[in-house]
Amino acid sequence: SPEGSSSGGASGPAGSTVAFLMPDTGSTRYELHDRPGFESKLKELCPDCKPLYNNADSSVDKQQQQFNSAIAQGAKVIVLDPVDSAAAVSLVNSAQSQGVKVIAYDRPIPDAKVDFYVSFDNEGIGKAIGDSLVKKVKEGSVPSGGGLLLVNGSPTDAAAGLIKKGVHEAVDSSGVSVLAEYDTIDWKPENAQKWVAGQISRFGADKIAGVVAANDGTGGGTIAAFKSAGGSVPPVSGNDATVAGLQLIIAGDQYNTISKPSEIVGGAAAQAAVDLLSGKAPETTGDVFGSPTKLFTPTLVTQDNLKSEIVDKGITPASELCTSEYAAACAKLSIQ
Amino acid sequence: MSTNTALDRTDERLSDSSGARGVVSSSLRNIRDGDLGFLPVVIGLVIIAVIFQILNPVFLSSVNLVNLTLDSAAVGVIALGIVFVLLVGEIDLSVGSVSGFSAAITAVLFVRHGLNLGLAVLVACLVACAIGLLYGVLLTKFGMPSFVASLSGLLAFLGLQLAILGDQGSINLPFDSALVQFAQLAFLPAPVSYALGAVFAAGFLLARLGVRRRRTRANLSAPPLGVVVGGAVLLLIALEFVFWYLNRARGVGWMLVFFLILVLVANYAITRTKWGRSLLAVGGNREAARRSGINVSFIYWSAFVLTALLASVGGLLSAGRLASANLSSGTGDVNLNAIAAAVIGGTSLFGGRGSAFSALLGTLVISAIANGLTLLNLESSYRFVITGVVLAVAVGIDSLARRSRASHGRA
Amino acid sequence: MSTNTALDRTDERLSDSSGARGVVSSSLRNIRDGDLGFLPVVIGLVIIAVIFQILNPVFLSSVNLVNLTLDSAAVGVIALGIVFVLLVGEIDLSVGSVSGFSAAITAVLFVRHGLNLGLAVLVACLVACAIGLLYGVLLTKFGMPSFVASLSGLLAFLGLQLAILGDQGSINLPFDSALVQFAQLAFLPAPVSYALGAVFAAGFLLARLGVRRRRTRANLSAPPLGVVVGGAVLLLIALEFVFWYLNRARGVGWMLVFFLILVLVANYAITRTKWGRSLLAVGGNREAARRSGINVSFIYWSAFVLTALLASVGGLLSAGRLASANLSSGTGDVNLNAIAAAVIGGTSLFGGRGSAFSALLGTLVISAIANGLTLLNLESSYRFVITGVVLAVAVGIDSLARRSRASHGRA
Amino acid sequence: MSAAAPATAGPPPTGSGHPLLSLSGISKSFGAVQALTDIDLQVDAGEVVALVGDNGAGKSTLVKVLAGVHQPSSGTFLFDGKPVHLADPSAAIDLGIATVFQDLALCENLSVVDNLFLGRELSPFALDETTMEVRSWELLRQLSAKIPTVRIPIASLSGGQRQTVAIARSLLGDPRIIMLDEPTAALGVAQTAEVLSMIRRVSERGLGVVVISHNMEDVRKVADRVVVLRLGRNNGVFDARTVTTARLVGAITGAEDDQ
Amino acid sequence: MSAAAPATAGPPPTGSGHPLLSLSGISKSFGAVQALTDIDLQVDAGEVVALVGDNGAGKSTLVKVLAGVHQPSSGTFLFDGKPVHLADPSAAIDLGIATVFQDLALCENLSVVDNLFLGRELSPFALDETTMEVRSWELLRQLSAKIPTVRIPIASLSGGQRQTVAIARSLLGDPRIIMLDEPTAALGVAQTAEVLSMIRRVSERGLGVVVISHNMEDVRKVADRVVVLRLGRNNGVFDARTVTTARLVGAITGAEDDQ
Ligand SMILES: Nc1ncnc2c1ncn2[C@@H]1O[C@H](COP(=O)(O)OP(=O)(O)OP(=O)(O)O)[C@@H](O)[C@H]1O
Ligand SMILES: Nc1ncnc2c1ncn2[C@@H]1O[C@H](COP(=O)(O)OP(=O)(O)OP(=O)(O)O)[C@@H](O)[C@H]1O
Ligand SMILES: O[C@@H]1[C@@H](O)[C@H](O)OC[C@H]1O
Ligand SMILES: [Mg+2]
Ligand SMILES: [Mg+2]
């Protein structure tokens with residue numbers, strides 16, 4: 001029978017099934033970048049390997065179903081971006097007990113000993129956007145009684161917690177005070193917008209020296225709140241380097257974002273999977289939580305390096321960014 | 001008023017005298033019996049306002065109330081749509097998806113394909129109408145409960161929204177486009193707002209006077225002139241005060257005016273047309289409506305179409321206000337908030353009872369709570385708890401009032 | 001069978017003959033009239049199975065079906081709870097939050113405070129019961145619609161869940177704890193599973209024979225012996241086949257057995273006790289139930305309490321299966337899925353009509369679609385669209401059947 | 001089994017003689033219950049036909065078939081001599097068939113006026129409430145209804161008040177045939193008298209009337225012909241002027257069969 | 001305005017003479033409508049009291065007050081000579097007051113058997129369906145009901161069949177007083193006769209009976225005393241054996257007032 005046979009290990013990669021399980025659709029990167037990066041690299045390294053893909057839509061239960069289903073379909077390696085890092089422990093254990101290897105992806109699984117961990121550093125991301133924004137804010141003058149707003153990610157998302165931690169690390173020691181902070185339910189830009197609009201009534205737009213938003217969506221909501229209050233927009237951070245976010249940077253409305261060309265991480269996960277299948281130890285940059293790990297450093301993007309980091313590196317073509325409305329601004333930054 | 005008894009005042013068991021005294025005595029009896037119409041919800045709103053004002057005095061500031069009015073408009077329009085399906089005793093769980101899908105369609109056509117904004121909006125609205133019609137037909141031709149049909153729709157249209165937003169996931173709407181301008185920055189010049197208040201009040205007065213004249217002529221009881229004029233004057237004062245207060249900040253948003261006008265139109269359609277009467281009849285007793293010769297299928301279709309259409313319009317307003325259409329547009333609590341708003345405002349989930357104004361009041365309750373919380377520094381966990389508790393308290397007042405009405409034998 | 005006409009077969013307008021011929025002819029008529037009970041949902045399930053099996057032959061493998069049964073149990077228990085509130089014509093939108101909150105309570109007490117697991121579970125269940133009672137009292141004493149009360153609860157208990165989980169956000173349950181063992185690893189030894197199948201079938205047979213004997217004695221019509229025994233044999237074969245098939249992989253999970261037993265107990269309570277009859281009466285016509293002397297308040301309370309209790313149990317199973325309680329336990333589509341499962345299985349949203357088996361069948365439909373989709377490599381967008389469409393098709397079959405029944409004048 | 005033979009030739013139609021409606025071989029079953037079997041019925045313009053029968057005899061089912069509520073399993077239906085198919089109640093209403101149903105079929109959530117004019121509201125885009133209210137009072141007075149106000153929901157009316165509203169409904173519009181299913185069951189003495197005289201008045205205006213009643217006195221007072229149903233089958237047609245109550249009761253209960 | 005004066009002393013109670021139930025000064029209003037004003041009523045054991053009045057006179061409202069469905073706005077209520085307060089219908093049922101409501105108050109979604117035994121099912125934890133079904137057939141036969149099967153939902157019964165079910169309900173349990181609100185309105189000739197004789201039988205067993213009817217013949221046939229309501233007020237009490245139909249109709253319609 002096809003089911004149940006799980007002899008695991010180093011029988012060689014050829015013909016193996018490898019699962020790639022992503023956590024949510026709230027952020028676009030997983031289907032736009034991570035998955036293609038993973039699948040093309042896998043195809044390159046092991047043409048007759050079979051990739052399985054699933055996305056858990058932020059549901060722990062759904063992720064568990066998808067994980068079990070991958071095992072039922074005979075996956076030998078599972079690349080897992082956990083919806084919930086703690087809950088994933090049980091998945092890792094059950095896989096490993098059946099001889100299936102697990103690569104933690106994007107978000108770590110601290111309480112389990114995974115076979116490999118590959119990621120951008122979410123806490124590092126938080127620190128990077130925080131540092132950069134604080135610096136920018138300090139360039140101007142912080143009004144007395146003024147300070148920053150923090151628009152964090154979803155309160156039910158562990159990665160958001162890591163970003164938040166990084167942001168606090170940057171901000172708490174900076175000397176710029178935090179006026180208020182908010183966990184954006186479901187990462188929804190509308191929720192961010194409403195909250196920021198409330199703070200504008202509360203403190204006045206002129207007291208808000210800057211906003212650290214945890215991704216481009218919530219950053220966009222923040223900018224819309226300032227725009228519709230009729231005033232000017234203070235520096236606002238972002239993360240993910242979405243087209244919409246990059247466009248706002250080009251237009252001068254958003255201050256920074258993070259470029260994490262996830263294709264690279266996806267590719268690295270494929271490489272690690274093939275290595276594990278053939279019994280080789282994947283290349284590491286060190287250990288995190290006791291597991292061999294490869295961490296990629298994300299790049300902070302502002303107007304200053306947008307052209308070189310994004311356009312010139314071919315991550316997002318100028319044609320996509322410089323639509324009619326942004327053409328003039330692009331020209332100013334000499335992006336074509 | 002004629003001295004002989006009005007046609008509808010002859011029964012000796014009626015305790016109301018006519019004229020101003022009758023108005024007063026019947027109002028008093030209504031208060032005693034708990035037949036207070038929208039008063040309890042309004043009291044709930046006042047309590048919410050007092051609590052939040054104490055916690056943070058910014059709550060009732062002009063600046064914040066302007067925000068509140070703008071926040072309310074988009075979800076209010078969707079809730080208004082929900083009223084129609086609830087009136088016929090059905091449900092649409094997919095208004096969130098439809099709103100997000102519409103925003104996505106408009107953004108893709110307008111921004112990516114360079115279509116004229118008006119056309120893009122039209123396409124989105126037509127698609128929404130088709131969706132509504134689909135639910136209607138599934139119900140009337142296949143007997144599929146709207147709960148399940150629209151649950152399927154919730155998923156399917158969310159999928160389509162993701163699909164057409166495609167690789168970018170999020171599309172910025174240009175800040176200078178009409179939609180964004182309308183939703184973010186279009187405010188009535190102060191004099192225009194005052195004029196509008198006057199027009200509303202005058203319209204109300206004329207309508208009531210017309211009714212009064214016709215009823216008096218037909219020898220039916222009619223409210224005394226003083227009561228009619230007094231009501232209109234009160235309305236005028238209230239409107240002008242609200243507008244004046246909002247004008248102290250950014251002013252009266254067009255989006256608010258648009259929403260109010262939609263509510264008035266919907267109210268007219270529900271209460272003053274044959275179609276509206278048919279909605280209530282179908283919701284109250286489908287079989288009786290059918291036996292009265294009402295085209296029940298058409299009534300269902302029209303309700304579903306209107307709900308979807310208004311969901312679409314709400315989605316467009318929301319996208320305009322955010323200046324972006326994205327993957328999460330219309331997801332999360334949009335569905336539940338819209339349905340809850342209608343229910344909190346007093347529209348029954350079981351059909352046949354409700355009002356366009358329920359969408360207005362219910363939305364204000366929900367938006368006021370959400371807005372009030374933005375002004376407090378709270379952990380997310382407490383935010384959830386407080387939202388839940390305040391909602392329960394606000395609605396509890398209304399429930400108690402209704403209960404007292406029921407115990408006084410009123411339906 | 002006695003030769004003189006049975007007491008309930010004397011009316012000359014009845015077209016059924018008695019005995020086996022009557023069973024056949026009435027079955028044929030039922031098919032023609034669309035009075036097919038659960039058959040259409042089952043056909044919907046079969047269609048789902050065929051589609052997914054064609055798309056990926058793993059679908060019907062033993063390994064995958066074992067997964068499917070375990071996936072179904074937790075949400076099935078919650079859906080079973082929903083059946084009770086739906087039967088009385090009410091709703092509980094907070095079952096997701098209650099399930100997550102219960103998991104959090106248990107995890108905090110058990111793991112963080114080192115309480116005995118049984119006690120921790122008991123506390124969680126008692127809290128859930130208190131929540132159910134709260135909704136019941138809000139409804140019966142304050143007249144607050146359960147839609148709004150439980151919407152408030154949804155928010156409030158999600159908040160409490162976040163609050164008690166605190167900063168860490170999630171708590172791992174030890175793998176060797178009874179709860180995790182039960183939910184993840186407890187399978188019936190194969191012989192025990194076959195014995196269990198035999199016990200189920202024998203129980204069914206004995207119950208039916210008892211009814212038959214009593215009815216025959218009382219000179220009422222009764223199904224022929226052959227039909228009763230034949231039905232039991234078919235049940236036996238079906239059960240043993242399913243169990244055998246599951247035993248080819250990990251086997252029959254205790255969690256599945258637990259769920260099935262809960263369904264049987266609930267079915268007994270609904271159909272064979274005075275309390276169950278009262279549920280249906282209150283849901284069908286609250287006022288008539290009240291005038292019959294039924295303690296309507298108690299019936300509401302018991303329904304809400306059971307719903308919350310089962311939500312809590314479902315949440316614990318879910319946490320056990322995941323070996324963790326976390327911030328997102330019970331969030332997302334748990335509420336809607338549980339309600340949808342009951343509705344898809346044929347329980348009415350309007351009260352007075354439904355069955356414990358609706359939770360079983362509806363959960364299977366939803367879980368089968370979700371499970372089938374995990375076997376396909378699909379973008380989320382298509383996954384949503386396909387879920388929606390398949391759901392509509394599966395339910396559409398049932399709707400069409402019901403519609404035909406309605407057009408044949410059956411209620 | 002049928003006692004109808006001696007009576008089927010029946011009395012000469014007493015109306016204008018022009019057959020408005022004629023049914024033959026109508027059957028209708030609900031699951032295992034055969035509610036109507038092979039029913040024949042004819043109603044002429046200006047004629048009052050009483051339909052009588054025991055509880056469950058199928059009278060209401062027959063009326064519902066005529067009103068387009070149920071579709072018969074078999075049989076033919078001629079209206080004005082032409083075969084018609086009533087797919088739904090609005091088809092019957094369009095033909096001019098007005099019906100007072102036994103269960104009244106009113107919308108409890110709507111007011112008296114709303115119910116009276118349901119489906120035929122005056123000025124559909126700006127309802128003429130005043131005229132509708134005045135018309136309502138007139139109609140209700142005419143039927144001696146004791147309704148304190150027409151602006152309360154039907155839910156708060158007494159049984160007889162509701163029934164009066166349902167009867168008043170059928171007089172609106174311009175029907176060619178009126179069917180009343182036990183119209184006086186809940187009515188007071190005065191109201192019953194008004195309804196009976198109303199029936200005579202409309203039939204004199206050339207309308208066909210079908211009336212169902214369990215009160216043989218009333219039946220003989222108001223009807224021209226009496227059609228008896230028993231257990232879903234025709235069981236005789238009688239001339240109302242000549243038949244005795246005992247004879248009718250015999251046909252209804254089937255006592256005759258045993259003779 | 002009241003014609004009651006000459007009659008209030010009334011005929012001597014014809015029952016056992018022991019007053020079962022006695023109301024005085026009961027009033028009840030619904031919003032603007034004063035449905036009952038200052039009502040007095042007494043029912044003795046073994047006595048049949050007929051309650052008559054025009055449509056909307058307040059008869060059903062009074063019955064609902066007695067059944068605990070509505071709570072009166074004012075007035076006192078003695079049962080067995082002791083003041084009682086009926087907070088809800090179950091309080092009335094516990095006192096032994098069984099009621100057949102005009103709107104029947106049946107659960108349409110439940111079967112005939114279910115409805116008959118609703119609230120008093122046999123063996124609550126393992127329903128004894130067989131015995132309940134047998135008992136149902138017996139009861140229904142006794143009332144000459146023509147119901148093809150007792151396992152179909154009430155929704156698919158005819159009007160008269162439903163009414164019979166509601167009446168049969170009231171005979172279950174062990175009531176001390178039975179109130180029937182227009183119990184024969186939808187019944188056939190034979191069923192009506194059964195119900196009238198049933199009323200006499202139970203009153204002979206010492207139960208108090210309150211019956212509402214618009215049929216003066218039936219009233220005089222079955223009642224001991226006739227209580228007339230008009231526009232929510234007492235309008236006379238009459239001895240059923242001596243009063244004429246004309247006199248009753250006069251009290252009901254208020255024609256007397258004008259004399
Ligand atoms: N929708 C339905 N489903 C099932 N059976 C029905 C339905 N409607 C009517 N019946 C059955 O058909 C038979 C005839 O019912 P119908 O209502 O026509 O009787 P009726 O002559 O009007 O009696 P009544 O004098 O009591 O009003 C009854 O036995 C009833 O149970
Ligand atoms: N729930 C209610 N809400 C408002 N008014 C009511 C309610 N119930 C009864 N009424 C009013 O009280 C009056 C008396 O009604 P009731 O039903 O007692 O009359 P009745 O004597 O039983 O008449 P009928 O002979 O028509 O059954 C009526 O005018 C009715 O409109
Ligand atoms: O990039 C972010 C990702 O790291 C987080 O997990 O989910 C939200 C995204 O914006
Ligand atoms: Mg009938
Ligand atoms: Mg009455």
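Every chain is numbered from 1 and lettered A, B, ... according to where its sequence line falls, protein lines coming before strand lines.
With sequence neighbours left out, the side-chain contact (heavy atoms from CB on, under 4.5 Å) criterion links C/Val265 to C/Ile261. For C/Phe84, the ring pair (Phe, Tyr, Trp, His ring centres under 6.0 Å) criterion is met by C/Trp275, not counting sequence neighbours. Legend: residues meeting side-chain contact (heavy atoms from CB on, under 4.5 Å) with C/Ser297, ordered by chain and number and at least two apart, are C/Thr140, C/Asn295, C/Trp301.
Neither the backbone nor the side chain of E/Val150 comes within less than 4.5 Å of any heavy atom in chain C. At a 4.5 Å heavy-atom cutoff, the contact between C/Leu220 and chain E is made by side-chain atoms alone.
Note on C/Glu287, C/Arg217, C/Arg290: by heavy-atom pairs under 4.5 Å with chain E, the leading option is C/Arg290. Top candidate by heavy-atom pairs under 4.5 Å with chain E, chosen from C/Gly351, C/Gly293, C/Ser292, is C/Ser292.
Looking at E/Glu129 and C/Arg214, their side chains never come closer than 4.5 Å, going by heavy atoms from C-beta outward.
Between atom CZ of residue C/Arg277 and atom CE of residue E/Met132 there is a gap of 5.5 Å, rounded to the nearest 0.5 Å. Interatomic distance, CD1 of E/Ile93 versus CD1 of C/Ile294, reported as 9.0 Å (0.5 Å rounding). Note that CZ of C/Arg272 and CG of E/Asp128 are 8.5 Å apart. Values are rounded to the nearest 0.5 Å.
The two atoms that bring E/Thr130 and C/Ala218 nearest to each other are CG2-CB, 3.6 Å, heavy atoms only.
Below 4.5 Å, heavy atoms of chain C meet heavy atoms from E/Phe101, E/Asp103, E/Ala105, E/Leu106, E/Cys107, E/Asn109, E/Leu110, E/Asp114, E/Leu118, E/Gly119, E/Arg120, E/Glu121, E/Pro124, E/Phe125, E/Ala126, all part of residues 96-126 of chain E.
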